[in-house]
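When reading the values below, keep in mind they use all heavy atoms of this one structure, side chains included, and skip hydrogens, waters and symmetry mates.
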2 protein chains.
Amino acid sequence: MTCQPRQNDEHKKEMRAVQDSMDVLNGKWKISIISSICYYNKRRFSDILNDVVGISNKMLSKELKELEINQLIKRTVLDTQPITVQYELTDHGLTLKTIIQHLTDWGIAHHEKIFGK
Amino acid sequence: MTCQPRQNDEHKKEMRAVQDSMDVLNGKWKISIISSICYYNKRRFSDILNDVVGISNKMLSKELKELEINQLIKRTVLDTQPITVQYELTDHGLTLKTIIQHLTDWGIAHHEKIFGK
DNA sequence: CGGGATCCCCATTGATACTG
DNA sequence: CAGTATCAATGGGGATCCCG
């Protein structure tokens with residue numbers, strides 16, 4: 001183990017931080033799921049299943065679980081008949097809103113850039 | 001800070017846009033690769049290979065090709081002995097800088113949130 | 001309704017070796 | 001140095017069924 005140049009340390013830290021974010025948001029569904037919940041404030045399992053086109057219930061279940069572990073969403077079981085489950089963003093999850101907004105804007109710009117308008 | 005419902009079409013467009021972004025940035029390596037190139041301005045293949053811990057040359061080659069197709073990076077073959085190849089961000093690629101900065105900051109905040117400081 | 005369990009396919013990725 | 005080629009393994013994720 002040799003000593004790395006000091007200026008590189010900063011960059012390595014940044015790379016690790018970005019990596020941490022991407023690990024949390026990994027998978028092609030998570031951002032869409034968050035976007036869905038955020039848009040409607042509170043959203044039920046089957047509603048999200050409809051919002052996120054193409055996702056299977058197994059995937060949704062798995063992704064929601066991971067998001068909950070990372071404290072981005074809160075899961076609430078409602079005592080209805082039959083039971084429904086409500087998902088909403090935590091305060092921490094809401095801090096992703098800026099990023100999602102940027103990603104939305106960039107996605108539009110990128111699409112125009114690649115495919116023309 | 002609220003996510004108020006407007007019209008569903010609006011939301012579907014946003015979801016598609018976010019999805020477009022994530023498709024371009026998918027894989028666990030792309031953001032790190034971009035971050036590396038961005039940090040050093042210009043970067044050679046083997047340098048990136050060292051920056052991005054754990055990536056194989058096959059993966060790096062593939063990811064770089066995809067980034068180039070999406071016009072995020074520019075590839076330049078230098079007439080050295082032996083040849084070296086330089087990668088740099090395009091203007092379009094540079095527009096990702098804001099997002100990467102946000103992801104970096106959020107990653108740090110998230111890490112503190114989950115694991116404490 | 002919300003989600004767990006199982007089966008199974010094929011795309012992604014790693015390791016290794018090779019080339020211009 | 002900057003990739004390509006090939007083989008092999010793994011696991012992501014879809015389809016389906018099931019259960020409280």
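Side-chain N/O atoms of B/Ser61 include one lying less than 4.0 angstrom from OP1 or OP2 on D/dT4. Close to C/dA11, at under 4.0 Å from its OP1 or OP2, lies no side-chain N or O of B/Lys62. Distances shorter than 4.0 Å separate some side-chain N or O of A/Tyr87 from OP1 or OP2 on C/dG3. Close to C/dG2, at under 4.0 Å from its OP1 or OP2, lies a side-chain N or O of A/Ser46.
The side chain of B/Arg75 lies closest to D/dG3, out of C/dG14, D/dA15, D/dG3. Picking from D/dC1, C/dG2, D/dT16 the nucleotide with the shortest atom distance to the side chain of A/Asn57 gives D/dT16. The side chain of B/Lys58 has D/dC7 as its nearest neighbour among D/dC1, D/dC7, C/dG3. Comparing D/dC1, D/dG3, D/dG13 by their closest approach to the side chain of B/Thr84 singles out D/dC1.
Checking B/Phe45 against A/Trp29, the closest nucleotide of DNA chain D that is more toward the 5' end is the one next to B/Phe45. Comparing B/Ile83 and B/Lys65 against DNA chain D, the residue whose closest nucleotide sits nearer the 5' end is B/Ile83. Residue A/Val85 is the one, among B/Met59 and A/Val85, whose nearest nucleotide of DNA chain C lies closer to the 5' end (criterion: closest heavy atom).
Ring-centre distance between B/His92 and A/Trp106: below the 6.0 Å cut-off.
In terms of heavy atoms, A/Cys38 sits closest to A/Leu89 at CB-CD1, 3.6 Å. When all heavy atoms of B/Ser32 and A/Met15 are compared, the pair lying nearest together is O-SD, 3.6 Å.
B/Leu67 places its CG atom 13 Å from the P atom of D/dG3, with the value rounded to the nearest Å. The interatomic distance linking B/Glu63 (CD) with D/dT4 (P) rounds to 14 Å, in whole Å. For the pair A/Leu49 CG and D/dG13 P, the interatomic distance rounds to 16 Å; values are reported in whole Å. In this structure, B/Ile33 places its CD1 atom 11 Å from P of C/dT13, rounding to the nearest Å. In this structure, the CD atom of A/Glu66 is 9 Å from the P atom of D/dG12, given to the nearest Å. In this structure, A/Leu60 atom CG and C/dC1 atom P are separated by 14 Å, rounded to whole Å. Straight-line distance from the CD atom of B/Gln81 to the P atom of D/dA2: 13 Å, rounded to whole Å. A straight line from CG of B/Asp47 to P of D/dA2 spans 7 Å, rounded to a whole angstrom.
Residue A/His102 forms a side-chain contact (heavy atoms from CB on, under 4.5 Å) with just one option from B/Leu103, B/Leu96, B/Ile99, and that option is B/Ile99.
For the residue pair B/Glu14 and A/Ser35, no side-chain donor N or O sits within less than 3.5 Å of a side-chain acceptor on the partner.
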